Amino acid sequence: MSTASLDRKTILDTDPWLEENVAAIIHRHDLFRNWKNKLEETEGGYDSFTQGYKKFGLNVLPDKSVVYREWAPNVKEAVLTGDFNEWSRDSHPMQRNEFGVWSITVPPTSDGKVAIPHDSKLKISMVTPSGERIERLPAWITRVTQDLSVSEVYDARFWNPPEEEKHKFKHAKPPQPRSVRIYEAHVGISTSEYRVGTYKEFTSYMLPRIKDLGYNTIQLMAIMEHAYYASFGYQVTSFFAASSRYGTPEDLKELVDTAHGMGITVLLDIVHSHACNNVLDGLNQFDGTDHQYFHEGSRGRHELWDSRLFNYGHHEVLRFLMSNLRYWIEEYQFDGFRFDGVTSMMYKHHGIGTGFSGGYNEYFGDTVDLEALVYLMLANDSMHELYPQCITIAEDVSGMPLLCIPVSKGGVGFDYRLSMAIPDMWIKLLKHKRDDEWDLSNIVHTLTNRRHGEKSIAYAESHDQALVGDKTLAFWLMDKEMYTNMSDLTEYTPVIARGIALHKMIRLLVHSLGGEGYLNFEGNEFGHPEWLDFPREGNENSFHYARRQWNVVDDPLLRYRYLNEFDKAMNHLEDKYGWLAAPQAYVSLKNEVDKVIVYERAGLVFVFNFHPTNSFLDYRIGVQEPGEYHIALSSDEKRFGGFDNIDINSKFFTTPMEWNNRKNWTHVYVPSRTCIVLAKV
């Protein structure tokens with residue numbers, strides 16, 4: 001059944017400002033329709049096409065024979081070689097079809113067992129038209145390992161554990177959360193020890209911690225196998241292989257399954273924006289050419305990332321990438337994806353040396369990479385059609401219109417976009433402005449300036465700010481005093497008091513005003529000290545900064561626990577009232593002199609006093625809904641590192657008189673650098 005065409009009215013109903021760009025939007029949607037219809041006609045549609053991993057790579061049949069298929073159109077010979085045939089280049093030749101796909105069936109042993117031993121090494125050995133022999137890891141391989149004492153190059157392994165060793169999923173996937181509260185995590189750094197953490201440790205120690213903090217979604221970074229640990233997972237070599245640094249595929253399946261049992265949604269940080277340059281253990285020059293999976297020449301290379309760029313207009317590349325998405329959902333039971341580098345994909349300039357002002361002319365025309373954009377439409381449309389509960393998030397800094405609108409309405413089809421301007425704003429403020437110079441109108445504008453009808457994930461900081469060379473909010477706020485004054489046994493200095501107060505206020509403001517979802521990078525919830533730096537030559541391969549120091553937040557004498565407790569209270573309050581799933585907040589006050597912000601969302605009233613010195617008694621605020629209110633959350637509580645100046649048992653009664661464009665008013669007490677949340681009794 002062919003996909004319906006897009007009409008002008010559908011686009012303008014979503015965004016009337018797109019009037020001049022309707023033709024461009026219909027054109028890209030027509031390109032999408034052509035691909036979708038072609039896949040329907042030639043491949044049997046999304047369902048069949050996205051199961052490429054069951055056809056390509058190594059698959060065991062019911063009779064215990066192994067079928068191996070590989071697309072390598074440039075080579076004239078191909079042989080499967082490995083431990084199982086003593087690395088013979090003759091005994092297991094492969095046959096080529098008219099599409100450049102090579103295949104071989106390895107029959108079972110005489111006693112009916114799989115002839116290729118579980119976890120044994122193998123490669124594909126090929127001969128190019130020039131007579132050169134090249135050897136590669138199978139492109140669809142599901143397990144690769146690295147022995148750095150021998151070589152940095154990965155070995156491909158045939159992963160086929162005995163039935164009793166395979167993980168059997170026990171828990172159903174949780175329903176899609178009404179409000180996504182995301183804990184961004186990296187398995188390898190999730191240990192306090194000076195080494196790489198494991199999947200099993202994450203399952204045992206991190207999942208209960210995340211659940212307790214009130215996060216309902218985990219975004220796992222650096223899972224797809226990558227050549228260089230310090231790349232943070234963004235130089236992928238084997239797209240279907242879960243990183244062996246942290247354990248086995250079965251260990252990762254157990255992690256996801258256990259999270260589901262706790263009601264936690266698990267997203268994968270998917271890297272389809274580029275691929276590692278490696279030849280011996282990557283996709284680069286797989287069949288001896290530079291243009292098999294990638295564009296040839298400069299279009300196929302990212303000059304800043306030193307990596308290869310996919311040819312999204314090729315049928316087999318689409319099969320590889322779309323099947324990759326489905327593989328992670330089917331085999332590991334992931335609930336969705338955070339797509340990395342979407343800005344780089346959507347524009348031919350990849351965002352390099354280009355600023356985005358928000359003018360609509362920047363999003364249409366010659367600078368847009370339509371092939372990549374159509375791939376994203378196909379990826380989102382297929383995953384949402386096959387898995388209606390699937391969540392997709394775009395990492396886009398450009399502000400592309402319709403990015404988070406369904407493909408059927410002319411959009412790119414993501415569920416959420418990351419609000420990347422928010423952390424940049426906080427860093428600029430803390431770096432360049434005194435507290436009394438903060439422009440509240442600009443802060444509120446940055447937090448609320450999002451496209452109507454498109455959902456955003458707000459965050460005060462992510463892994464980007466934690467990396468060496470940058471600073472986390474806690475480090476900007478407290479800097480060197482974090483080394484000397486984070487113990488309750490030391491003086492509560494003005495720097496530490498300010499830092500703890502603003503850390504809480506910034507995070508609640510972003511959480512409640514900035515979007516329809518919230519994200520936190522692991523450790524930042526408690527103001528993790530120092531920065532993140534992976535072992536590398538420049539730091540003598542040290543793990544000192546490539547870990548999370550849980551010991552500091554678990555120590556009852558250290559002040560990190562105050563921030564941790566506030567983060568927990570904030571998440572649990574959102575879980576109760578659901579402000580992330582509620583319509584955007586109504587901001588009734590941005591007082592630049594008093595430094596007070598007041599807004600309402602989900603029936604709650606949020607009051608922030610950012611003034612560095614002034615406290616306000618009987619401060620009048622506007623409230624839309626009449627009635628009696630109580631304090632649902634106060635940053636000034638002792639358990640949050642506050643001073644207990646606010647009586648949390650206070651009651652607030654509204655007066656039916658208009659104030660700040662609200663129908664009622666009440667009086668509150670807001671000390672300097674505190675925030676309160678009021679809820680109706």
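Note that the structure is a prediction, hence the values are computed from the model and not measured.
For Glu225 (side chain) and Val236 (main-chain N/O), no donor-acceptor pair under 3.5 Å exists by modelled atom type. At distances below 3.5 Å, at least one donor-acceptor pair connects side-chain atoms of Glu454 with backbone N or O atoms of Cys404. Panel note: side chain His384, backbone Asn380; a donor-acceptor pair is recorded below 3.5 Å. Checked by atom type and distance alone, the side chain of Thr258 never pairs as donor or acceptor with a backbone atom of Val256 at under 3.5 Å. Under the 3.5 Å distance criterion, the side-chain polar atoms of Arg136 are matched with a main-chain donor or acceptor of Gln285. Side chain of Asp340 to main chain of Ile270: no donor-acceptor pair is present (N/O by atom type, distance under 3.5 Å, no hydrogens or angles). The backbone N or O of Val407 sits less than 3.5 Å from a side-chain atom of His29, completing a donor-acceptor pair. Arg28 contributes no side-chain N or O that, together with a main-chain N or O of Ala24, makes up a donor-acceptor pair within less than 3.5 Å. A donor-acceptor contact shorter than 3.5 Å is absent between the side chain of Thr10 and the backbone of Gly410. Using modelled atom types, no side-chain atom of Tyr246 and backbone atom of Phe202 make a donor-acceptor pair closer than 3.5 Å.
Residues Thr265 and Val180 have side chains not in contact (no heavy-atom distance under 4.5 Å, counting atoms from C-beta outward). Counting heavy atoms from C-beta on, the side chains of Leu378 and Tyr312 never come closer than 4.5 Å. In this structure, the side chains of Thr217 and Leu267 come closer than 4.5 Å at one or more pairs of heavy atoms. You'll find the side chain of Ser243 stays beyond 4.5 Å of the side chain of Val144, heavy atoms only. Looking only at side-chain heavy atoms (C-beta outward), Leu309 and Arg301 stay at 4.5 Å or farther from each other. In this structure, Ser462 and Glu184 have side chains that are in contact, with non-hydrogen atoms separated by less than 4.5 Å. Side-chain contact between Glu522 and Leu532: absent, with no pair of heavy atoms (C-beta onward) separated by less than 4.5 Å. Trp328 has its side chain within reach of Ile223: a pair of non-hydrogen atoms, C-beta onward, lies under 4.5 Å apart.
To the nearest 0.5 Å, atoms CG (Asp47) and CG (Leu39) are separated by 12.5 Å. Separating the NE2 atom in His295 from the NE2 atom in His314 is a distance of 10.5 Å, to the nearest 0.5 Å. Distance check: Asp424 CG to Asp464 CG gives 9.0 Å after rounding to the nearest 0.5 Å. Atoms CE and OH, from Met383 and Tyr46 in turn, are 9.0 Å apart once rounded to the nearest 0.5 Å. Atoms CE and CG, on Met221 and Asp269 in that order, are 5.5 Å from each other to the nearest 0.5 Å. Here the OG atom belonging to Ser419 is positioned 13.0 Å from the NZ atom belonging to Lys455, to the nearest 0.5 angstrom.
The shortest non-hydrogen separation linking Asp335 to Ile264 is OD2-O, 4.5 Å. Here the shortest heavy-atom pairing between Tyr154 and Ala227 reads CE1-CA, 3.8 Å. Considering every non-hydrogen atom in both Asp567 and Arg507, the closest pair reads OD1-NE, 3.8 Å. When all heavy atoms of Asn284 and Cys276 are compared, the pair lying nearest together is CB-O, 4.1 Å. Across Pro138 and Ala156, no two heavy atoms sit closer than the pair CD-CB, 3.8 Å. Closest non-hydrogen pair, Tyr363 versus Ser398, comes out as OH-O, 2.7 Å.
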Practice task
Run the numbers on Ser344 and Val342 for side-chain contact (heavy atoms from CB on, under 4.5 Å), then give the verdict.
Solution key: CA-CA 5 Å; Ser344 174; Val342 168; over 6 Å; no

Problem - Step-by-step side-chain contact (heavy atoms from CB on, under 4.5 Å) determination, Asn520 to Tyr183 - result: CA-CA 5 Å; Asn520 165 70; Tyr183 198 82; 3.5 Å; yes

Exercise for the section: Please assess His528 against Thr472 for the test side-chain contact (heavy atoms from CB on, under 4.5 Å), listing each intermediate value before the final yes or no. Expected result: CA-CA 8 Å; His528 194 286; Thr472 61; over 6 Å; no

Problem - side-chain contact (heavy atoms from CB on, under 4.5 Å) evaluation trace for Ile210 with Ile218 - result: CA-CA 8 Å; Ile210 294 166; Ile218 299 171; 3.8 Å; yes

Exercise for the section: List the steps and the verdict of salt bridge (charged side-chain N to carboxylate O under 4.0 Å, His left out) for Glu516 and Arg450. Expected result: CA-CA 10 Å; Glu516 290 71 38; Arg450 47 192 190 269; 3.1 Å; yes

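With ring centers used as reference points, Phe239 lies under 6.0 Å from Phe320. Aromatic ring centroids of Phe169 and His167 lie under 6.0 Å apart. Residues His315 and Trp71 keep their aromatic ring centres 6.0 Å or farther apart. Between Trp140 and Phe240, the distance from one ring center to the other falls under 6.0 angstrom. Taking the centre of each ring, His186 and Phe232 come in below the 6.0 Å mark. In this structure, Tyr459 has its ring center at least 6.0 angstrom away from the ring center of Trp426.
Ring geometry for His463 against Tyr234 counts as tilted: the plane angle lies between 30° and 60°, on a 0 to 90° scale. Classified by interplanar angle (parallel below 30°, tilted 30° to 60°, perpendicular above 60°), the ring pair Trp305/His302 is parallel. Note: Phe356 and His349 have tilted aromatic rings, judged against thresholds of 30 and 60 degrees for the angle between ring planes. In this structure, His272 and Tyr375 have tilted ring planes: the angle between them lies in the 30° to 60° band.
Among residue pairs with one or both ends in residues 396-420, those qualifying as ring pair (Phe, Tyr, Trp, His ring centres under 6.0 Å) are Phe339-Phe414; sequence neighbours excluded. Contacts classified as salt bridge (Lys or Arg N to Asp or Glu O under 4.0 Å) and involving residues 304-317 (residues at least two apart or in different chains) are given here: Glu316-Arg319. Sorted by first then second residue, the salt bridge (Lys or Arg N to Asp or Glu O under 4.0 Å) pairs that include residues 229-239, not counting sequence neighbours, number zero. The salt bridge (Lys or Arg N to Asp or Glu O under 4.0 Å) pairs that include a residue from residues 275-286 number zero, where partners must be two or more places apart or lie in different chains. Pairs engaging residues 385-408 under the salt bridge (Lys or Arg N to Asp or Glu O under 4.0 Å) rule: Lys36-Glu385, Arg338-Glu395, Asp396-Arg417 [sequence neighbours left out].
Salt bridge status for Arg299 with Glu371: present, with a side-chain N to carboxylate O gap under 4.0 Å. Looking at Lys38 and Glu41, no side-chain N of the basic residue comes within less than 4.0 Å of a carboxylate O on the acidic one, giving no salt bridge.
With sequence neighbours left out, the salt bridge (Lys or Arg N to Asp or Glu O under 4.0 Å) criterion links Asp251 to Lys200.
Exactly one residue among Arg178, Lys211, Arg181 makes a salt bridge (charged side-chain N to carboxylate O under 4.0 Å, His left out) with Asp575. That residue is Arg181.
Summarising the local packing, NZ of Lys348 is surrounded by more than 12 heavy atoms from other residues, nucleotides or ligands at distances under 6.0 Å.
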